[in-house]
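Structure first, commentary second.
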Amino acid sequence: MANPLYRKNIISIPDFSREELELVVETAARLKAEPRHDLLKDKLIASCFFEPSTRTRLSFETAVQRLGGRVIGFADGGNTSARKGETLADSIKIIASYTDAVVMRHPREGAARLASEFSSVPVINGGDGANQHPTQTLLDLFTIKETQGTLQELAVAFVGDLKYGRTVHSLTQALSLFNCRFYFVAPEALAMPDYICEELDERGISYTLAASLEEVIPEIDVLYMTRVQRERFDEAEFKKIQGKFVLRAEMLRHARDNMKILHPLPRVDEIDVDVDATPHAYYFEQAENGVYAREALLALVLNETV
Amino acid sequence: MQYTRTVEALKEGTVIDHIPAGQGMKILRLFRLAETGERVTVGLNLSSRHMGSKDLIKVENIALTEDQANELALFAPKATVNVIENFEVVKKHQLELPETILGIFACPNSNCISHNEPVQSFFYVKAHGHDTKMKCKYCEKVFSKDIVVEVR
């Protein structure tokens, strides 16, 4: 029987069942331990970045090439017919006719869902505006499983910009399928949106709104840091906030041994460089895991069995 | 008191009654009833025993479907929709919130891809306490019903 993601579009985390998330995570672990060079043999993947990206695009293209596939595409929508006024629907119809799958990033929300309606091959969302970035969530889940041995019933703190951070919203939705407990640490202006908290209430998931980073550190297995964008605050306010939401090595004294720090990167100054040398830092490994998570996804979408 | 008819009786068509006063014109516009070419009679701010005042729309020769009637539930959940044939009410629609809505409203998110592409808008509808929430299929943003219906 074909795996449940075979020939599926990968658009949004709420589309995934718990079993499908587990399948991606397990496949990523297998491909990390035993690299395969044949899973995308003779496959041509379109890498369509209508908006620039560093890690996502390079890790997708690395994943394709590591699995023996080939890539065509563009890294900036400015050079495509989109600039001449072509609709995304038309562009995707044509690109899909050349290739076996389309990986895309686009500045407008909903672009990947729309593309999937016009594409004859699977579409994989590499980010659509402020909406979804499902492969980031998949690599986060893989990294959490790798460091904790389970996804089940973990205590996870999210820190920083919880209002606009799409990675935070998707990861919360995904982890709520595994009965995790959450701590949300954010300035009031960047608090977790109501609709996410309401979803958690409906599912009976417990979460705590915490005022400071230090009080939650001894309680948690995973600390997920995000960047607070300076431009969202005036200078004085930012300074006040900065002190509260910046992680320094000395704050980790009471952390559990198994506690790992993740960050979707790029970091600016919310994690002091002195944290990098602690055994809790795991954000660079997390970024590397992006390649394995994307390998797993591409392999599952393009092969009946992996 | 002597009762006088303010609106002529309908032979064939649909009567939408008990519309909250102020919503009648909006319904007329969104459902493009004026563009049907049929005779449409509109009553605004009519007196109503139960509602104080109400709006009413009669459309000749057009029978509203179940789906169209349910879309009305977004503006006027207590409206009554009667389909008339030969001066008789042949069907009374019980309005229920639809699960999805295709077309009709534009997504309030200006950065949503649905605006400049060859697709119709599409919302998932969910009752939420006293409010009704609408989630755009494309940008996945969730809006309170009142925000969506005001946009167009």
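Below, read A as the first sequence line, B as the second, and so on, with proteins coming before strands; counting in each chain starts at 1.
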[atom1] of [X]: more than 12 outside heavy atoms within 6.0 angstrom?
{"X": "Arg39(B)", "atom1": "CZ", "result": "no"}
{"X": "Met25(B)", "atom1": "CE", "result": "no"}
{"X": "Asp194(A)", "atom1": "CG", "result": "no"}
{"X": "Tyr195(A)", "atom1": "OH", "result": "yes"}

Task: Portion of Glu202(A) that has a non-hydrogen atom of chain B nearer than 4.5 angstrom - done: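 For Glu202(A), side-chain heavy atoms alone lie under 4.5 Å from chain B.
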Task: Pro193(A) versus chain B, the contacting section by heavy-atom distance below 4.5 Å - done: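 For Pro193(A), neither part sits under 4.5 Å from chain B.
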Task: Neighbourhood of chain A inside residues 116-128 of chain B, taking heavy atoms under 4.5 Å as contact - done: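 From residues 116-128 of chain B, the residues near chain A are Asn116(B), Glu117(B), Pro118(B), Val119(B), Lys126(B), His128(B).
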Task: Sorted by number, residues from residues 133-143 of chain B in contact with chain A (heavy atoms, under 4.5 Å) - done: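 Residues Lys137(B), Tyr138(B), Cys139(B), Glu140(B), Lys141(B) are the ones that qualify, each having a heavy atom under 4.5 Å from chain A.
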TODO: Flag the pair Glu109(A) / Ile113(B) as yes when at least one side-chain heavy-atom distance between them is below 4.5 Å, and no otherwise.
DONE: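 Counting from C-beta outward, Glu109(A) and Ile113(B) never come under 4.5 Å.
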